[in-house]
Undergrad: 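Here you go, one structure.
Worth knowing before you read on, the calculation uses all heavy atoms, side chains too, and leaves out hydrogens, waters and symmetry mates. Each chain gets a letter, A, B and so on, in the order its sequence line appears, and its residues count up from 1.
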Number of protein chains: 2
Amino acid sequence: MEEKEISQAVIGRLPRYFRYLGELKDEGVERVSSQELSELMKVTASQIRQDFNNFGGFGQQGYGYNVEFLYKEIGRILGLDKKHNFIIVGAGNLGRALGNYMNFERRGFIFKGMFDKNPELIGEDVRGVRIMPLERLESFVRENDIDIAVLTIPKASAEEVAEKLAQNGIRAIWNFAHVDLNLPEGIQVENVHLSDSLMKLSYNINRYMHETGTE
Amino acid sequence: MEEKEISQAVIGRLPRYFRYLGELKDEGVERVSSQELSELMKVTASQIRQDFNNFGGFGQQGYGYNVEFLYKEIGRILGLDKKHNFIIVGAGNLGRALGNYMNFERRGFIFKGMFDKNPELIGEDVRGVRIMPLERLESFVRENDIDIAVLTIPKASAEEVAEKLAQNGIRAIWNFAHVDLNLPEGIQVENVHLSDSLMKLSYNINRYMHETGTE
DNA sequence: AAAAACGTGTCAATGAATTGACAGGATAAT
DNA sequence: ATTATCCTGTCAATTCATTGACACGTTTTT
């Protein structure tokens, strides 16, 4: 009944396809060929066809792909047709920034709660969501059908909080803390290590300078 | 004189090595073998040796790697021994969160300026840096030796701002806007597409639920 | 001082991802 | 209606990345 395992390399490209297709759709474009899309996205047409074909034949010979259909289909594959409740743990600058970012709702991610250990922040309001003390975290997760926890706390407490979340039935953690979480199989973790990303940038700046002899 | 090209797959792993080595160093560990490190980091020892060896022999048979030396060496490879001035364009929640994040300084990234088009924000202070109007962006970049621009503005204006930055000598863009920037060769771009990351998480939640039949 | 254990650097083997090529069905042009 | 063009799905070839194996120099033990 289920399809074969799809590689994470392919999954990693789906959001980008989704974005480009959404733009084409908004422009009123009805159909697109892998050739056209490849020029737009600067990838090979072969890769596009190969990628889409992992999920079954979405296209038609001589016609190409129907933009609206393909857009919806990729959204469905990504699970964006389902609703997922999420909470944010850590009401610092980054946590608040994410809480205030409204576009997640558009994709089915519903902001349900926010937690911090700092007593001074308790009761404050971020986009209609009240900040609660960490003591309430576990019961809140259990009782409110929370799928995803966004972790924007210092690394020191991240592992401990993640374990608590796991014990109370969280399905996934979007981890902005600068540690690797060690969780039971079946709990999905997506790391956003901002400083790692900045270091990569730093490497590439220096590499380029060396290559070209730029000062 | 210069080494052969290193694959981005390897570069992408360097920050994580750097982090683990830093932790070992702080714990006072003097030496580590690829075997020990592989258990700690959950990767193969072979990959570790292969990766390090791209940059020359850092280890010694029968001894392993000197933690402090290796840590410094990887830092140097990543360019963290150099200073890079950066600015933030877009003083919304995310821009401020990044501006307030102080750890970047520790790695040689110096916060020099912040820009926004909203007149009401001009003059406000984010960690000692005054928010300036967008009109001053280009001259500021030219006159203050700015290497990196952090882009935390809506996608609509991102391409235009990026072009201006390019014309005024920026070396790299850390792009949080949800578009692919099209810049002349030699300007490094590192994308942080948060919603892409969240979509991947979403996919993996659903995949796991299907695999296991969880409701 | 000799023997045993350790552990790197490197080469070869395997595995994964990307690209190229093309048969043949669908569309568009004549 | 026929022909030419388009363009997918797929297989094969190639390229890239990861893993395994081991010769040999270092360290540690006896």
Side-chain angles (χ1 to χ4, degrees), chain A residues 3-17 20-21 24 29-74 77 196 200 203-204 207, chain B residues 3-17 20-21 24 29-74 77 196 200 203-204 207:
Chain A
E3 308 86 16
K4 65 178 176 305
E5 182 93 14
I6 309 293
S7 84
Q8 289 293 313
V10 174
I11 306 308
R13 287 192 289 266
L14 291 184
R16 186 152 179 267
Y17 291 132
Y20 275 85
L21 288 165
L24 287 174
V29 177
E30 262 187 17
R31 55 186 259 191
V32 69
S33 69
S34 59
Q35 179 63 41
E36 291 164 335
L37 201 51
S38 86
E39 280 158 22
L40 202 57
M41 296 185 64
K42 311 231 170 93
V43 297
T44 64
S46 186
Q47 178 163 80
I48 291 176
R49 291 205 297 279
Q50 198 80 272
D51 282 352
F52 290 171
N53 219 229
N54 278 291
F55 306 97
F58 294 154
Q60 196 154 29
Q61 290 167 324
Y63 175 90
Y65 299 88
N66 179 289
V67 170
E68 177 137 18
F69 174 76
L70 186 54
Y71 174 78
K72 281 205 185 131
E73 205 56 25
I74 293 182
I77 291 164
D196 288 14
K200 268 194 278 175
Y203 174 86
N204 284 318
R207 178 187 54 95
Chain B
E3 309 85 16
K4 65 177 176 305
E5 182 92 13
I6 309 294
S7 84
Q8 289 292 315
V10 174
I11 306 307
R13 286 191 290 264
L14 291 184
R16 186 151 179 266
Y17 291 132
Y20 274 85
L21 288 165
L24 287 174
V29 178
E30 262 188 15
R31 54 186 260 192
V32 69
S33 69
S34 60
Q35 179 63 40
E36 291 165 334
L37 200 52
S38 85
E39 280 158 22
L40 202 57
M41 297 184 64
K42 313 232 169 94
V43 296
T44 63
S46 186
Q47 178 164 79
I48 291 177
R49 293 206 295 281
Q50 197 81 272
D51 281 352
F52 291 170
N53 218 230
N54 279 292
F55 305 97
F58 294 154
Q60 195 156 28
Q61 288 168 324
Y63 176 92
Y65 299 88
N66 180 289
V67 170
E68 176 137 19
F69 175 76
L70 186 54
Y71 174 77
K72 280 204 183 131
E73 205 56 24
I74 293 183
I77 291 164
D196 288 14
K200 268 194 280 176
Y203 173 86
N204 283 319
R207 175 187 56 93

Undergrad: Looking at every strand, decide which applies to A:S46 at a 4.0 Å heavy-atom threshold: base, sugar-phosphate, or nothing.
TA: base
Undergrad: What's the CG-C1' distance between A:N66 and D:dC6, to the nearest Å?
TA: 17 Å
Undergrad: Is it the case that the base of D:dC24 and the side chain of B:Q61 share a donor-acceptor contact (distance under 3.5 Å, atom types as modelled)?
TA: yes
Undergrad: On DNA chain D, does the nearest nucleotide to B:Y63 precede the nearest nucleotide to A:S34 from the 5' side, or the other way round? Give the residue.
TA: A:S34
Undergrad: Is there a donor and acceptor pair closer than 3.5 Å between the side chain of B:Q50 and the base of D:dT19?
TA: yes
Undergrad: Would you name the heavy atoms of B:I48 and B:S34 that are closest together and state the gap between them?
TA: CD1-O, 3.7 Å
Undergrad: Does B:Q47 reach the main-chain N or O of B:T44 with its side chain, forming a donor-acceptor pair under 3.5 Å?
TA: no
Undergrad: Rounded to the nearest Å, what distance is computed from the CZ atom of residue A:F55 to the P atom of nucleotide D:dG9?
TA: 13 Å
Undergrad: OP1 or OP2 of C:dT19 versus the side-chain N and O atoms of A:T44: is any pair under 4.0 Å?
TA: yes
Undergrad: So, is A:R31 close to the C:dA28 phosphate, meaning a side-chain N or O under 4.0 Å from OP1 or OP2?
TA: yes
Undergrad: Could you pull out the closest heavy-atom pair between A:I77 and A:L14, with the gap in Å?
TA: CG2-CD1, 3.8 Å
Undergrad: Can you tell me the distance, in whole Å, between the CZ atom of B:F52 and the C1' atom of C:dT8?
TA: 12 Å
Undergrad: Give the rounded distance in Å between these two atoms: CG of A:N54 and P of D:dG9.
TA: 11 Å
Undergrad: Side-chain N or O of A:R13 versus OP1/OP2 of C:dT18: is the shortest distance under 4.0 Å?
TA: yes
Undergrad: Taking only side-chain nitrogens and oxygens of A:N53, does any of them come within less than 4.0 Å of OP1 or OP2 of D:dT8?
TA: no
Undergrad: Please report the shortest heavy-atom distance between B:R16 and A:D196, naming the atom on each side.
TA: N-OD2, 4.3 Å
Undergrad: Check this one for me: any side-chain N or O of B:Y65 less than 4.0 Å away from OP1 or OP2 of C:dG9?
TA: yes
Undergrad: Rounding to a whole Å, what distance do you find between B:Q35:CD and D:dA21:P?
TA: 14 Å
Undergrad: Need to verify one output field. Residue with the more 5' nearest nucleotide on DNA chain C, A:Q47 or B:Q60?
TA: B:Q60
Undergrad: Counting the atoms with a prime plus P, OP1 and OP2 as sugar-phosphate, which does A:F58 contact under 4.0 Å by heavy atoms, base, sugar-phosphate, or nothing?
TA: sugar-phosphate
Undergrad: With a 4.5 Å limit on heavy-atom distance, are the side chains of A:E73 and A:F52 in contact?
TA: no
Undergrad: Rounded to whole Å, how long is the line connecting atom CD1 of A:I48 with atom P of D:dT10?
TA: 17 Å
Undergrad: Between C:dA21 atom P and A:R49 atom CZ, what is the distance in whole Å?
TA: 12 Å
Undergrad: Could you give the CG-to-C1' distance, from A:D51 to D:dT10, as a whole number of Å?
TA: 14 Å
Undergrad: Any side-chain N or O of B:S7 below 4.0 angstrom from OP1/OP2 of D:dC16?
TA: no
